[in-house]
Amino acid sequence: MFNFDVLVVGAGHAGIEASISAAKLGCKVALFTLNIENIGLMPCNPAVGGPAKSNLVREIDALGGVMGRISDNTYVQLKTLNLSKGPAVRALRAQSDKILYKYTMRKLIEEEKNISLFQTQITELIIENNEIKGVTDELGVQYKGRCCILTTGTSLGGKIFIGLQSFCAGRMGERSASYLSSSLIKAGFPLKRLKTGTPARVDSRTIDYSKLQIQPPDEPDKYGCYNFFSFKKEKNIRPQIPCYLTRTNELTHKIIKENLDKSPLYSGLIHGVGPRYCPSIEDKVVRFKDNPSHHIFIEPEGMNTYETYVQGFSTSLPIDVQFKMLRSLEGLENVSVIKPAYAVEYDSVPAVELTHSLMTKKVKGLFMAGQINGTSGYEEAAAQGLIAGINACYYLQNKEMFEPERKNSYIGTLIDDLVTKDLLEPYRMLTSRSEYRLILRQDNADFRLMEKGYEIGLVKNEDIERFRFKKEAVLKEIENLKNSKISFSEKNREIMSKLNQSFDSAKNAYELIKRPDIDFLILLDMGHKKSFETDDIYLNKEIIEQVEILIKYEGYIERQKNQVEISDKLEKIKIPDNIDFMEIKQISTETKELLNKIKPKTLAQALRIGGVKPADISVLMVLIESGKLRGKIV
């Protein structure tokens, strides 16, 4: 018998963030994995970030998590997407060195003195009086703990499909967790089957890159900086390599259509629901039949390997068909396949079984994070793992749970969507999922969350001090611009003329920078004196970037803040605990059933439940305000 504070089952991205956050907050952690060599493995695309996902990574970093920092230290390519668009949709994406990323994550785990590693399969939860007491592994060894975080990924009842063949596995080359599902069912949790997939890995030496379109990495920007995920001072400038682009064609589509009967997806062998926003290539060809081609990105898996990822070519067709499909692509006519593509079906627990803290409603002390909650993606998993790890410690310390809100984070949006909406497919974070995306940008995650990370105890002193300097400098510089005049000189007239800008007299710097083609560096060239000094070029850039965004998008930001204030009114109206909504005669039966299932805490959360009618929310508001539901407005 082993004794711990927190038991973490699974060492993927969710399990890593959960175990490290709990350990850094003083808990004694046991981390269980099916294969110790696969800690921090990127089983699908070896990349971090992208639209909305980069926001999650920045927020994880602002709260003191590790994903952003490790990505910054292991990238082979940095790429900022949507640079020509507004800051709300700009997104950093880092192609990672898969081997180095995994090594670095494992090193981080092994250096944490409060974490003990175990390679074993957990088969049973020990539950007494609806409280978690520990777990049992496949050898009958018991591990005691008052908290358990399940981060099982695709291993829970995992089954891999390649053509009409299938076998039990959570990932290629790794066994599935075959018994834990039964323990969850025994505890009263409903399970559902979900599906995901991954493309083939090919030998880069057998690719004709001269036929492909190069996708170069970012160059240093006008400040001499690259974009990174972490807000920490240290920046790791690494050599970068390009990715490449090819496309499917008529022959590719013909091969796929002729072999759909061999697809487990179309033959009925796979029952799990797959992610709509990341479909297999056969699904793309069927659903978008009028599209003559689809983009396929050829992405290296590391600096010191010729294993290459074929992004956008996920499939579960037989291996011989996969060879034909791949060799139909321009530049891949003679390609050699290292690992075949496959689909994997696995068990998950509907996230409506959880509270916003990610603790289950049925079993106290039992938390869940990652794909077991119905999400897809490393970033979504890591975000949940961080919150679950923090709250496991808070549960042990009888502290109020940390529940990020929609209005201040994408993490809050993610968790609220999961526990409020009964999702039918794997959840992927998108910018469109947030009604507050103008103020929840990747660039200001530290402004929104770093003080909270410091309060929790995960953000270091030097990092909070750097942030506080930055925050003060931004506010000071905005005031400085308001009081600064740009002189009407010959030099300045020439600068403005080249920009096709009118300039007939001295102008206020604050008003000038509002113009689309005028930036802070131009103002400096025109004689503006900034109010802050720093030798840190990245901090200098961050301050200027925030000043420009806050001034140029001032009107949009203010409107969004007004939306938050309106929403806050419903968020502040609490719904009493232990209400049986079926007894409320004035609302519809459908709404009663949904409210009883989800048990929302506020009227705002109730309104976000799919199928709940606004008219029923109005009835609830009247009942709460009148005191008939013993509710109160706080």
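All of these numbers come straight from a predicted model, not from anything done at the bench.
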Colleague: Can you tell me how the ring of F4 sits relative to the ring of F2, calling it parallel under 30°, perpendicular over 60° and tilted otherwise?
Modeller: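 The arrangement is parallel - the two ring planes meet at less than 30°.
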Colleague: Looking just at side-chain N and O atoms, do R448 and N444 make a donor-acceptor pair shorter than 3.5 Å?
Modeller: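 Result is yes, a qualifying pair exists.
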Colleague: For E472, look at atom CD and say whether over 12 heavy atoms of other residues, nucleotides or ligands are found less than 6.0 Å away.
Modeller: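 Check fails, neighbour count at 12 or below.
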Colleague: Examine the side chains of Q384 and T375 and answer whether a donor and an acceptor come within less than 3.5 Å of each other.
Modeller: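 Their side chains do contain a donor-acceptor pair, which is all the 3.5 Å distance test asks for.
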Colleague: Quick one: salt bridge (Lys or Arg N to Asp or Glu O under 4.0 Å) pairs with a partner in residues 410-419, sequence neighbours left out?
Modeller: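 For residues 410-419: R406-D416, R406-D417, D416-R608, D417-K421.
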Colleague: Using the test side chain to side chain contact (heavy atoms under 4.5 Å, CB included), find all partners of T80 that sit at least two apart in sequence or belong to another chain.
Modeller: L83, L92, D218, N227
Colleague: Is the distance from the ring center of Y143 to that of F118 below 6.0 Å?
Modeller: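 Yes, ring centres under 6.0 Å apart.
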Colleague: Sub-3.5 Å donor-acceptor pair from the side chain of R146 to the main-chain atoms of K133, do we have one?
Modeller: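 No; judged by distance alone, with no hydrogens or angles, the pair does not exist.
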Colleague: Output all residues satisfying salt bridge (charged side-chain N to carboxylate O under 4.0 Å, His left out) with K233, sequence neighbours left out; order by chain, then residue number.
Modeller: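 For K233, no residue satisfies salt bridge (charged side-chain N to carboxylate O under 4.0 Å, His left out) once neighbours in sequence are set aside.
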Colleague: Once salt bridge (Lys or Arg N to Asp or Glu O under 4.0 Å) is applied, what residue pairs with a partner in residues 378-389 remain, sequence neighbours excluded?
Modeller: K53-E379, K53-E380
Colleague: Can you name the nearest heavy-atom pair linking L440 to S409, along with the distance?
Modeller: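 Heavy atoms of L440 and S409 come nearest at CD2-N, 3.5 Å.
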Colleague: Please name the pair of heavy atoms, one in T154 and one in G170, separated by the smallest distance, quoted to 0.1 Å.
Modeller: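 Scanning both residues, the minimum pair turns out to be OG1-O, 2.7 Å.
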Colleague: Under the side-chain hydrogen bond (donor to acceptor under 3.5 Å, both in side chains) criterion, do T123 and E138 qualify, and how do the steps go?
Modeller: CA-CA 6 Å; T123 57; E138 58 193 335; over 6 Å; no
Colleague: Determine whether E565 and K561 satisfy the following criterion, salt bridge (charged side-chain N to carboxylate O under 4.0 Å, His left out), listing intermediate values before the conclusion.
Modeller: CA-CA 6 Å; E565 289 177 9; K561 287 179 178 178; over 6 Å; no
Colleague: Quick check with a 6.0 Å cut-off and a 45 degree axis cone: is R58 positioned over the face of F231's six-membered ring?
Modeller: yes
Colleague: Kindly state each residue pair satisfying side-chain hydrogen bond (donor to acceptor under 3.5 Å, both in side chains) with at least one member in residues 9-21, sequence neighbours excluded.
Modeller: H13-Y101
Colleague: Mind running side-chain hydrogen bond (donor to acceptor under 3.5 Å, both in side chains) on T420 and Q605 for me, showing each step along the way?
Modeller: CA-CA 7 Å; T420 301; Q605 187 193 353; 3.2 Å; yes
Colleague: Checking the side chain of Q95 only, and the main-chain atoms of P300 only, is there a donor and an acceptor separated by less than 3.5 Å?
Modeller: yes
Colleague: Do Q119 and T33 have side-chain atoms, one donor and one acceptor, less than 3.5 Å apart?
Modeller: no
Colleague: Could you pull out all residues at least two apart from L34 that satisfy side chain to side chain contact (heavy atoms under 4.5 Å, CB included)?
Modeller: Q121, S155, E174, R175
Colleague: Look at the side chain of D536 and the backbone N and O of L539, then say whether any donor-acceptor pair between them is shorter than 3.5 Å.
Modeller: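 Judged by distance alone, yes, a pair lies under 3.5 Å.
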Colleague: What residues form a salt bridge (charged side-chain N to carboxylate O under 4.0 Å, His left out) with E455, not counting sequence neighbours?
Modeller: K452
Colleague: Got a sec, which pairs hit salt bridge (Lys or Arg N to Asp or Glu O under 4.0 Å) with one end in residues 343-352, sequence neighbours left out?
Modeller: R193-E345, R193-D347
Colleague: With sequence neighbours excluded, tell me which residues meet salt bridge (charged side-chain N to carboxylate O under 4.0 Å, His left out) with K407.
Modeller: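 Scan of K407 (salt bridge (charged side-chain N to carboxylate O under 4.0 Å, His left out), adjacent residues dropped) gives D568.
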Colleague: Would you find a donor on one side and an acceptor on the other, under 3.5 Å apart, between the side chain of D97 and the backbone of I99?
Modeller: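 Pair found, side chain donor or acceptor close to backbone of I99.
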Colleague: Please check if the side chain of K98 supplies one atom and the backbone of P43 the other of a donor-acceptor pair under 3.5 Å.
Modeller: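 No: the side chain of K98 does not pair with the backbone of P43.
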Colleague: Judged by atom type as modelled, is there a donor-acceptor pair below 3.5 Å linking the side chain of Y538 to the main-chain atoms of Y226?
Modeller: yes
Colleague: Determine whether more than 12 heavy atoms belonging to other residues, nucleotides or ligands lie under 6.0 Å from atom NZ of K541.
Modeller: yes
Colleague: Taking atom CD of E462 as the centre, does the number of heavy atoms from other residues, nucleotides or ligands within less than 6.0 Å exceed 12?
Modeller: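 Yes, CD of E462 has more than 12 neighbouring heavy atoms, counting only those of other groups under 6.0 Å.
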Colleague: Is a donor on one side and an acceptor on the other found under 3.5 Å between the side chain of D72 and the backbone of F228?
Modeller: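 No; judged by distance alone, with no hydrogens or angles, the pair does not exist.
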Colleague: Any side-chain to backbone donor/acceptor pair from Y309 onto P199? Under 3.5 Å, distance only.
Modeller: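 No, the answer is negative, given that no donor and acceptor are paired below the 3.5 Å cut-off.
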Colleague: Would you name the heavy atoms of G50 and L81 that are closest together and state the gap between them?
Modeller: CA-CD1, 4.2 Å
Colleague: Which residue, Q546, M450, E465, forms the side-chain contact (heavy atoms from CB on, under 4.5 Å) with K470?
Modeller: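 That would be Q546; it is the only one of Q546, M450, E465 passing the side-chain contact (heavy atoms from CB on, under 4.5 Å) with K470.
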Colleague: Taking only residues two or more places apart in sequence or in another chain, which ones pass side chain to side chain contact (heavy atoms under 4.5 Å, CB included) with T152?
Modeller: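 Listed in chain order: V9, L156, L180, I372.
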Colleague: Distance under 6.0 Å and angle within 45° of the ring axis: does R468 meet both against Y454?
Modeller: yes
Colleague: Can you confirm whether K364 is buried at NZ, in the sense that more than 12 heavy atoms of other residues, nucleotides or ligands lie under 6.0 Å from that atom?
Modeller: no
Colleague: Going by atom types alone, do Y346 and S176 pair a side-chain donor with an acceptor below 3.5 Å?
Modeller: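 Checked: Y346/S176 side chains show no N/O donor-acceptor pair below 3.5 Å.
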Colleague: Taking salt bridge (charged side-chain N to carboxylate O under 4.0 Å, His left out) as the definition, give me every residue that meets it alongside K599, ordered by chain and number, with sequence neighbours left out.
Modeller: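 Here no residue qualifies.
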Colleague: Between the main-chain N or O of M368 and the side-chain N or O of N373, is there a donor-acceptor pair closer than 3.5 Å?
Modeller: yes
Colleague: Has K195 got more than 12 heavy atoms of other residues, nucleotides or ligands less than 6.0 Å from its NZ?
Modeller: yes
Colleague: Between K362 and F189, is NZ or CZ placed under 6.0 angstrom from the six-membered ring centre and within 45° of the ring axis?
Modeller: yes
Colleague: I need the T360 OG1 to E353 CD distance, nearest 0.5 Å.
Modeller: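 Answer rounded to 0.5 Å: 8.0 Å.
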Colleague: Any donor-acceptor pair under 3.5 Å linking the side-chain atoms of D137 with those of T120?
Modeller: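 Indeed, the side chains of T120 and D137 share at least one donor-acceptor pair under 3.5 Å.
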Colleague: With sequence neighbours excluded, what pairs up with L594 under the side chain to side chain contact (heavy atoms under 4.5 Å, CB included) test?
Modeller: E590, I609, V612
Colleague: Do S183 and E124 have side-chain atoms, one donor and one acceptor, less than 3.5 Å apart?
Modeller: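 Looking only at side-chain atoms, E124 and S183 do not form any donor-acceptor pair under 3.5 Å.
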Colleague: Determine whether a donor-acceptor pair (N or O, by modelled atom type, separation under 3.5 Å) exists between the side chain of K235 and the backbone of K232.
Modeller: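 Confirmed, K235 side chain pairs with K232 backbone.
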Colleague: A quick test of your reading: do over 12 heavy atoms of other residues, nucleotides or ligands sit less than 6.0 Å from CZ of F402?
Modeller: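 Yes.
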